[in-house]
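Single-structure report; data block below.
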Amino acid sequence: MNDDQDEPQPAADAGGPESDTGFRQAAARARELPPTPGVYLMKDAAGLVIYVGKAKNLRARASSYFSKTAAEELRTAYWVTEICDIDYVECESEVDALLMESRLIKDVQPKYNKELKDDKTFPYLMITTREDFPRVEVTREPRDRGVKLYGPFASAGALRGAIQVLQKIFKFRTCSLDIDEQDERWRWFRPCLLASIQQCSAPCNLRIGKDEYRRDIRRLQMFLDGHKTKLLAQLRQEMQAAAKSLRFEQAAALRDEIHMLETLDDRGELDTHAQPEVFYVDPKKGLAGLRKVLNLAREPRTIEGVDIAHLGGGQTVASLVQFLDGLPFKPGYRRYRIRQVEGVDDFRSIHEVVSRRFRRLQDQDEVFPDILLIDGGKGQLTAALAAFREQQIEPPTLNLTDPDPELTFDGLPLVGRRTRFQHALKLSVAFGGHLVAVALSRWNDAASGFAYPPEFGQRVA
């Protein structure tokens with residue numbers, strides 16, 4: 001059930017539940033809840049909390065439990081008739097609601113949230129504590145030592161979305177690098193694209209000291225622990241002190257951090273920041289397998305995919321989707337209008353978009369992807385390689401969605417549809433009308449779908 005669906009109407013012919021006084025009173029109370037983010041607590045006739053959930057719209061979400069759909073749906077039908085009362089807690093944003101839901105489930109342990117109790121298959125937010133630069137990650141296999149855990153969470157998609165939102169504020173790292181502040185060689189390490197878009201403070205390049213980075217992690221933990229008001233007060237004090245000491249750049253950075261925390265609810269649905277999981281494939285195992293398949297020196301972090309689409313009226317567009325650490329990275333999505341090709345010519349279109357993409361990356365000294373996924377076969381590969389050759393650019397590892405079984409690149413077989421490395425090629429889903437096996441948690445037709453809707457990503461003129 002969607003948190004933001006229109007307020008459902010109780011089924012007139014449902015019988016049973018509507019005849020129960022407590023159930024009817026709870027349904028009436030649900031319609032009086034505010035249409036704001038928060039957490040709702042469903043109670044039985046004895047006043048015991050039997051279920052806790054979060055919502056972006058409390059009224060719509062809570063009311064949905066009294067609809068005919070809820071009475072028929074397998075995961076709710078067996079317990080919704082026990083609802084006799086509803087309590088709720090308003091939150092400032094959906095991120096706050098997500099975190100409060102997790103804390104309440106752990107503290108109250110409602111009987112119909114029992115699948116989340118001590119269940120290691122549900123996602124946790126994990127912060128390492130024994131590294132110079134602690135990292136933040138989503139895991140379904142939490143460690144017992146050397147980490148601070150938050151969760152479990154009911155929705156992996158919402159959790160990943162929350163992390164992307166919070167990373168823009170606290171700029172923590174999500175990579176698996178083992179960074180030692182005393183090792184000067186890290187000063188020559190090239191940061192990933194998250195540093196380029198100001199979403200990570202780049203400790204991998206020692207652009208931030210250990211103490212300053214750990215301070216940011218402590219601020220993140222204050223927020224995760226529910227101390228947002230205290231954190232904001234602390235940040236305001238630091239901003240005023242910085243301004244008084246004429247440290248205007250620091251004061252401006254603190255001002256921006258305060259503003260982003262205060263406007264969390266303006267940042268859209270959590271699931272728009274990270275695609276929801278349909279089924280689970282461990283991205284780490286997938287990337288490790290892909291490294292082995294392609295004989296790479298290290299695990300790939302950034303993978304880009306290019307697809308060509310032909311729209312009505314003869315217009316040709318290319319879509320570029322980006323995955324970071326095996327997960328969709330929507331800020332990196334791009335859409336290109338093909339300018340130099342007349343008619344339907346996928347080969348020349350691939351040549352144009354690869355030329356434009358990598359010329360810009362090189363001119364702006366930005367990070368190249370570790371793997372470039374081209375939709376098509378040998379002809380598309382030849383066109384892409386020609387684009388690199390003409391630009392005198394060393395290409396990343398290339399992969400085709402429909403390769404010839406005998407086709408090789410740099411003496412290595414290109415990834416095909418089958419391989420013995422199960423984790424690397426576990427997921428086979430539609431991409432541009434073909435089956436492609438990639439080491440990602442899901443591809444979900446990202447590139448070919450992205451070519452059409454105008455509301456996503458950026459169009460590159």
Per side-chain contact (heavy atoms from CB on, under 4.5 Å), E101 is matched among I105, L99, L104 by I105
Open item on the list: Taking R160 first and then E137, would you say they form a salt bridge - that is, a charged N and a carboxylate O separated by under 4.0 Å?
Closed with: no
Q) Are H351 and Q340 linked by a side-chain donor-acceptor pair shorter than 3.5 Å? A) no
Describe, in one word, how the ring planes of F133 and Y213 are oriented to each other, choosing from parallel (under 30°), tilted (30 to 60°) and perpendicular (over 60°). perpendicular
| Just checking, any donor-acceptor pair under 3.5 angstrom between side chains of S349 and D346? | no
salt_bridge(D370, R298) N-O dist < 4.0 Å: yes
Are the charged groups of R190 and D365 less than 4.0 angstrom apart, N to O? yes
Is any side-chain heavy atom of P331 less than 4.5 Å from a side-chain heavy atom of Q164? yes
*Count the heavy atoms of every other residue, nucleotide or ligand shown that sit under 6.0 Å from CD of Q364, and state whether that count exceeds 12.*
yes
Next item on the list: Report the C-alpha distance between E352 and R356 in whole Å, list the side-chain angles of each, state the deciding distance to 0.1 Å, and finish with yes or no for salt bridge (Lys or Arg N to Asp or Glu O under 4.0 Å).
Entry: CA-CA 6 Å; E352 178 181 332; R356 289 166 59 187; 2.9 Å; yes
Charged N-O contact under 4.0 Å between R219 and D216: yes
Checklist entry - In terms of side-chain heavy atoms, does Q240 have a donor or acceptor partner in R236 at a distance below 3.5 Å? => result no
Report task. Kindly determine whether T36 and E90 satisfy side-chain hydrogen bond (donor to acceptor under 3.5 Å, both in side chains), including the steps that lead there. Result -> CA-CA 7 Å; T36 56; E90 283 191 80; 2.9 Å; yes
*asked:* What I'd like to find out is whether the side chain of V52 reaches to under 4.5 Å of the side chain of Y40, using heavy atoms alone.
replied: no
_Check: E304 and R357 side chains under 4.5 Å, non-hydrogen atoms_ = yes
**Study point:** Any L224 side-chain heavy atom under 4.5 Å of L125 side chain
**Key:** yes
Handout entry: Note, L235 side chain near L261 side chain (heavy atom, < 4.5 Å)
Key = yes
Q. Looking at side-chain heavy atoms only, is the closest gap between Y124 and Y150 below 4.5 Å?
A. no
### Task
Using a 4.5 Å cut-off on heavy atoms from C-beta on, say whether the side chain of E299 contacts that of D325.
no
| request: Please step through side-chain contact (heavy atoms from CB on, under 4.5 Å) for the pair Q198 and K168, ending with a clear verdict. | output: CA-CA 7 Å; Q198 304 299 311; K168 294 174 184 177; over 6 Å; no
Answer yes or no: is there a side-chain heavy-atom contact under 4.5 Å between F170 and I217? no
